[in-house]
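For reference, the structure discussed in these notes is given below.
Note that the structure is a prediction, hence the values are computed from the model and not measured. Letters go in sequence order (proteins before strands), and every chain restarts at 1.
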There are 2 protein chains.
Amino acid sequence: MTERDTAAPPRRARRVDARRNEQKLLDAAASVFVASGVDAPIREIAAEAGVGLGTIYRHFPDRTGLVIAVYGHQVETCAEAGRQLLAEEPSPLDALLAWVERFVDFVITKHGLADALGSDDPGFQRLHAHFLDRLVPVCAELLAAAEDAGQITPGVDAYELMRGIGNLCVGHESDDRYDPRHLIRLLVRGLRIAES
Amino acid sequence: MTERDTAAPPRRARRVDARRNEQKLLDAAASVFVASGVDAPIREIAAEAGVGLGTIYRHFPDRTGLVIAVYGHQVETCAEAGRQLLAEEPSPLDALLAWVERFVDFVITKHGLADALGSDDPGFQRLHAHFLDRLVPVCAELLAAAEDAGQITPGVDAYELMRGIGNLCVGHESDDRYDPRHLIRLLVRGLRIAES
DNA sequence: AGACGATACGGAACAGCGTTCCGGATTGTC
DNA sequence: GACAATCCGGAACGCTGTTCCGTATCGTCT
């Protein structure tokens with residue numbers, strides 16, 4: 001295998017207009033997402049980018065792909081923050097708390113993202129799955145550290161916890177009386193081993 | 001005001017076919033809801049009832065109204081169970097736990113209901129609001145009792161708690177790895193005052 | 001430079017949804 | 001039996017996401 005890839009047919013490089021349109025779409029999507037939420041109509045994004053509908057589907061499988069492309073970097077950043085917090089914070093539990101807080105901030109500040117994560121729409125479920133795939137291992141690491149330190153009750157599943165935290169964020173935009181942070185803090189408090 | 005209502009014009013009673021169709025719709029809706037979930041297409045319910053689309057909208061403002069009509073009774077039952085549990089259970093906290101468990105059972109056993117409660121669809125938000133209007137006072141009562149008994153930390157908002165519990169139920173159907181009950185127990189554990 | 005094939009674009013077209021609307025059928029009353 | 005009030009059915013509208021293909025553009029090779 002002296003070739004760069006196994007049995008790779010000599011593919012031509014992508015055309016410049018394609019690359020340009022992809023960038024236009026990412027910019028437009030980011031702009032529309034903050035203005036109208038991540039569930040904004042596809043046509044709105046196409047219009048904002050000055051591009052046809054077909055062009056969107058050429059570059060992204062569906063809106064979920066677009067959302068992942070737009071916010072993927074921030075998810076990555078959040079994931080990487082896990083290890084760093086574990087090193088910086090005074091205790092694993094503190095690290096866990098800080099990390100959860102950071103994740104919640106990320107989700108809450110994106111219009112409609114929290115609701116999208118809780119949606120039963122198949123597309124949005126893929127979105128949730130993608131986020132979780134990246135973040136659950138980090139959460140698991142933090143949980144394990146806190147467990148080893150004897151700070152939290154063992155046997156808590158990272159996937160379930162992440163999923164629950166995401167769920168608790170649902171609906172925060174359309175309801176002044178509901179602040180997810182309260183309950184999330186309460187939930188994490190429920191993890192703690194009482195210091196007797 | 002010897003009349004039954006203030007300035008009530010002498011309204012004729014509803015026609016028998018109207019009453020019959022309403023019943024047919026309720027039956028059909030209940031059947032379709034368990035088969036296809038509460039977010040089943042309106043047309044499906046109309047077909048099941050052997051009725052036109054207009055007939056649905058004549059009797060119910062939208063699908064939300066239909067859901068409320070179908071499940072309203074069970075919500076009522078759940079609400080009434082609050083006081084009873086408070087009398088039966090050994091302690092207010094036990095009553096709260098049992099009541100929450102009962103509520104979660106209700107939500108979880110209805111196809112798509114949990115997801116509907118977490119939906120950002122305006123119609124479904126009205127549904128959530130209706131459920132909460134009826135149940136929040138009950139939850140508040142239970143919370144207050146547990147607070148007075150010194151069993152839980154004070155200052156927990158019943159509305160927020162109910163909303164959070166509803167949210168935690170979201171997505172349980174489409175995800176084997178996620179069991180809302182775990183987190184809900186954990187959450188309520190977070191309420192508890194550590195017995196030191 | 002010119003031409004030709006690969007690639008990408010645009011938007012019409014389709015399917016499915018909730019909701020509205022009104023001509024016509026049904027019902028209760030006089 | 002006749003006449004209103006009431007109610008029904010389903011076509012039609014507007015809004016979704018998604019697919020599809022004729023056309024335009026780009027990169028390369030002569």
Item checked: Summary of salt bridge (Lys or Arg N to Asp or Glu O under 4.0 Å) pairs that have at least one residue in residues 19-33 of chain B, sequence neighbours excluded -> B:Arg14-B:Glu22

Check: When you check every protein heavy atom under 4.0 Å of nucleotides 22-30 of chain D, what one-letter string (B, S, -) results, 5' to 3'?
Finding: ---BSS---

Next item on the list: Can you see which heavy atom on A:Asn167 is nearest to which on B:Val170, and at what distance?
Entry: ND2-O, 2.9 Å

Notebook entry, point to check: A:Ile45 CD1 to D:dT18 C1': how many Å, rounded?
Noted result: 14 Å

Next item on the list: Check each residue of residues 118-132 of chain A for a non-hydrogen atom within less than 4.0 Å of any atom in DNA chain D, then write out the ones that pass by number, or none.
Entry: none

Can you give me every donor-acceptor pair (side chain of residues 29-42 of chain B, partner residue at least two apart or in another chain, under 3.5 Å) with its distance?
residue : atom : partner : partner atom : Å
B:Ser36 : OG   : B:Glu44 : OE2          : 2.8

Margin query: Which is more 5' along DNA chain D, the nucleotide nearest A:Glu44 or the one nearest A:Arg58? Just name the residue.
Written below: A:Glu44

Item checked: Residues forming a side chain to side chain contact (heavy atoms under 4.5 Å, CB included) with A:Glu173, sequence neighbours excluded -> A:His111

Next item on the list: Any pair with a residue in residues 107-121 of chain B that passes salt bridge (Lys or Arg N to Asp or Glu O under 4.0 Å), sequence neighbours left out, goes on the list, sorted by first then second residue, please.
Entry: none

Note to self: Just N and O in the side chain of B:His59: are any of them under 4.0 Å from OP1 or OP2 of D:dC8?
What the structure shows: yes

Notebook entry, point to check: Looking at B:Leu86 and B:Leu142, what are the two nearest heavy atoms and their distance?
Noted result: CD1-CD2, 3.6 Å

Checklist line | Under 4.0 Å protein heavy-atom contacts per nucleotide of nucleotides 11-20 of chain C, with B for base, S for backbone only and - for none | finding: BBB---BBBB

Checklist line | Nucleotide D:dG17, atom C1' - distance to CG of A:Leu66 in whole Å | finding: 14 Å

In residues 91-100 of chain B, what donor-acceptor pairs under 3.5 Å come from side-chain atoms, sequence neighbours left out?
residue : atom : partner  : partner atom : Å
B:Ser91 : OG   : B:Leu93  : N            : 3.3
B:Ser91 : OG   : B:Asp94  : N            : 3.2
B:Ser91 : OG   : B:Asp94  : OD2          : 3.0
B:Ser91 : OG   : B:Gln151 : OE1          : 3.4
B:Ser91 : OG   : B:Gln151 : NE2          : 3.1
B:Trp99 : NE1  : B:Cys78  : O            : 2.9

Distance-only criterion, 3.5 Å: show the donor-acceptor pairs between side-chain atoms of residues 45-62 of chain A and protein atoms not counting sequence neighbours.
residue : atom : partner  : partner atom : Å
A:Asp62 : OD1  : A:Thr64  : N            : 3.3
A:Asp62 : OD1  : A:Gly65  : N            : 3.1
A:Asp62 : OD1  : A:Arg126 : NH2          : 3.3

Item checked: By side chain to side chain contact (heavy atoms under 4.5 Å, CB included) - contacts of A:Gln84 (at least two apart) -> A:Glu88

Next item on the list: Report yes if at least one side-chain N or O of A:Asn21 is closer than 4.0 Å to OP1 or OP2 of C:dA8; otherwise report no.
Entry: no

Margin query: Suppose we screen for side chain to side chain contact (heavy atoms under 4.5 Å, CB included). Which residues come up paired with B:Asp175, at least two apart in sequence or across chains?
Written below: A:Tyr159, A:Arg163, B:Arg177, B:Tyr178

Checklist line | side chain to side chain contact (heavy atoms under 4.5 Å, CB included) partners of A:Asp105, counting only residues at least two apart | finding: A:Arg181

